[in-house]
Peer 1: 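Before anything else, here's the structure in question.
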Amino acid sequence: MTAQIIDGKALSAQLRTEVAARAATLKAKSGITPGLAVILVGDNQASQVYVRNKVKACEEAGFHSVLEKYDATMTEAELLARVEALNNDPSIHGILVQLPLPKHIDDHKVIETISPAKDVDGFHVASAGALMVGEVGFKACTPYGCMKMLESIGMKDLRGKHAVVIGRSNIVGKPMAMMLLAANATVTVTHSGTADLGAMTRQADVVVAAVGKRNVLTADMVKPGAVVIDVGMNRDDAGKLCGDVDYDGVKEVAGFITPVPGGVGPMTITMLLVNTMESAERTAG
Ligand code: GUN
């Protein structure tokens with residue numbers, strides 16, 4: 001059996017068209033244009049590409065976007081002051097500070113300074129807490145995108161399904177587990193130190209791999225027909241982009257699989273647009 005591919009690019013395009021239509025409606029009804037501010041500190045190459053793509057996606061959806069780039073020498077106090085200013089700027093509905101930040105700046109302090117009402121990354125403690133207790137807040141974009149991918153194959157409600165998450169980062173693994181629980185799945189959270197990981201993943205109807213290491217999930221670790229979501233972004237020996245999943249092997253066993261590239265990657269920015277849209281709609285009441 002060869003798995004069906006969940007095409008993140010196609011799903012993203014569809015969702016972005018819907019967001020652009022919502023933005024046009026909001027503007028026509030209440031004169032509000034959704035606004036996203038992206039802050040980049042320093043010259044991390046990967047971050048430069050990510051923020052450029054985020055700003056471009058905003059423009060394509062008809063959003064207002066601001067990209068603020070600062071030298072790596074920016075002080076923490078200066079950055080906190082910028083975030084405060086954006087918190088008070090009514091043209092801005094979402095604030096994203098690209099991570100990683102230079103070492104002399106405390107990520108946590110910066111994220112906690114962002115108003116939860118504008119935390120479209122979903123990284124603030126208030127957003128994580130809201131997700132945990134089922135209150136309204138912003139969902140972290142990457143796991144939110146994974147949930148949309150499951151929804152696209154008819155798996156919005158996961159009652160009776162066992163989902164195994166590999167990885168426990170604050171921005172993917174942990175919020176992913178919460179979202180799967182909220183969708184009624186039975187959830188096991190594992191990580192690179194879990195003993196006999198395969199024994200866990202072989203029981204799973206859904207596996208989400210988010211470790212950041214190649215070949216974390218191989219064909220022998222997958223139940224036939226399972227859904228495999230690959231959040232990894234790595235390079236193989238030839239320098240080619242690859243995920244955490246041994247794609248060629250696993251696609252012969254799984255029922256559905258997300259490719260890398262063209263899977264979860266485009267969904268992250270799409271969900272950032274969705275969150276910013278939602279934030280703008282909330283201000284309109
Ligand atoms: N760095 C890598 N991914 C992300 C993300 O989704 N948001 C932010 N702010 N920084 C990141």
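Every number for a ligand or one of its atoms is a count from 1 in the order of the listing.
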Peer 1: Check contact between Y50 and ligand 1, using heavy atoms of the residue and a distance below 4.0 angstrom.
Peer 2: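 In this structure, Y50 fails to qualify as a contact of ligand 1 - no heavy atom is under 4.0 Å.
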
Peer 1: Nearest protein heavy atom to atom 6 (O) of ligand 1, by residue and atom, and its distance?
Peer 2: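 Its nearest protein heavy-atom neighbour is D121 OD1, 3.7 Å.
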
Peer 1: I need the nearest protein heavy-atom contact for atom 10 (N) of ligand 1: residue, atom name and distance, please.
Peer 2: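 The answer is L99 N, 3.0 Å.
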
Peer 1: Salt bridge check, K56 against E60: does any charged N sit closer than 4.0 Å to a carboxylate O?
Peer 2: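 Salt bridge: yes.
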
Peer 1: Do side-chain atoms of E252 reach the backbone of A219 as a donor and acceptor pair under 3.5 angstrom?
Peer 2: no

Peer 1: Could you check whether D237 pairs with R214 (Lys NZ or Arg NE/NH1/NH2 to Asp/Glu carboxylate O, under 4.0 Å)?
Peer 2: yes

Peer 1: Evaluate P100 for polar contact with ligand 1, using N/O atom pairs at a separation under 3.5 Å.
Peer 2: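 P100 vs ligand 1: no N/O contact under 3.5 Å.
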
Peer 1: Between Q14 (side chain only) and A10 (backbone N and O only), is there a donor and an acceptor less than 3.5 Å apart?
Peer 2: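 The answer is no, because no donor-acceptor pair under 3.5 Å joins these two groups.
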
Peer 1: Numbering the atoms of ligand 1 from 1, which are under 4.0 Å from a heavy atom of L96?
Peer 2: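 By the 4.0 Å cutoff, the relevant atoms are 9 (N).
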
Peer 1: Distance to 0.1 Å, residue and atom name: give those for the protein heavy atom nearest to atom 11 (C) of ligand 1.
Peer 2: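 Answer for atom 11 (C) of ligand 1: Q98 NE2, 3.3 Å.
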
Peer 1: Considering only heavy atoms of V97, which atoms of ligand 1 have at least one such atom less than 4.0 Å away?
Peer 2: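 The list of qualifying atoms is 8 (C), 9 (N).
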
Peer 1: Write down the atom of Y144, the atom of N275, and the distance for their closest heavy-atom approach.
Peer 2: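 Smallest heavy-atom distance, with atoms named: CE2-OD1, 3.5 Å.
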
Peer 1: Has the side chain of N87 got a donor or acceptor atom that lies under 3.5 Å from a matching backbone atom of T113?
Peer 2: yes

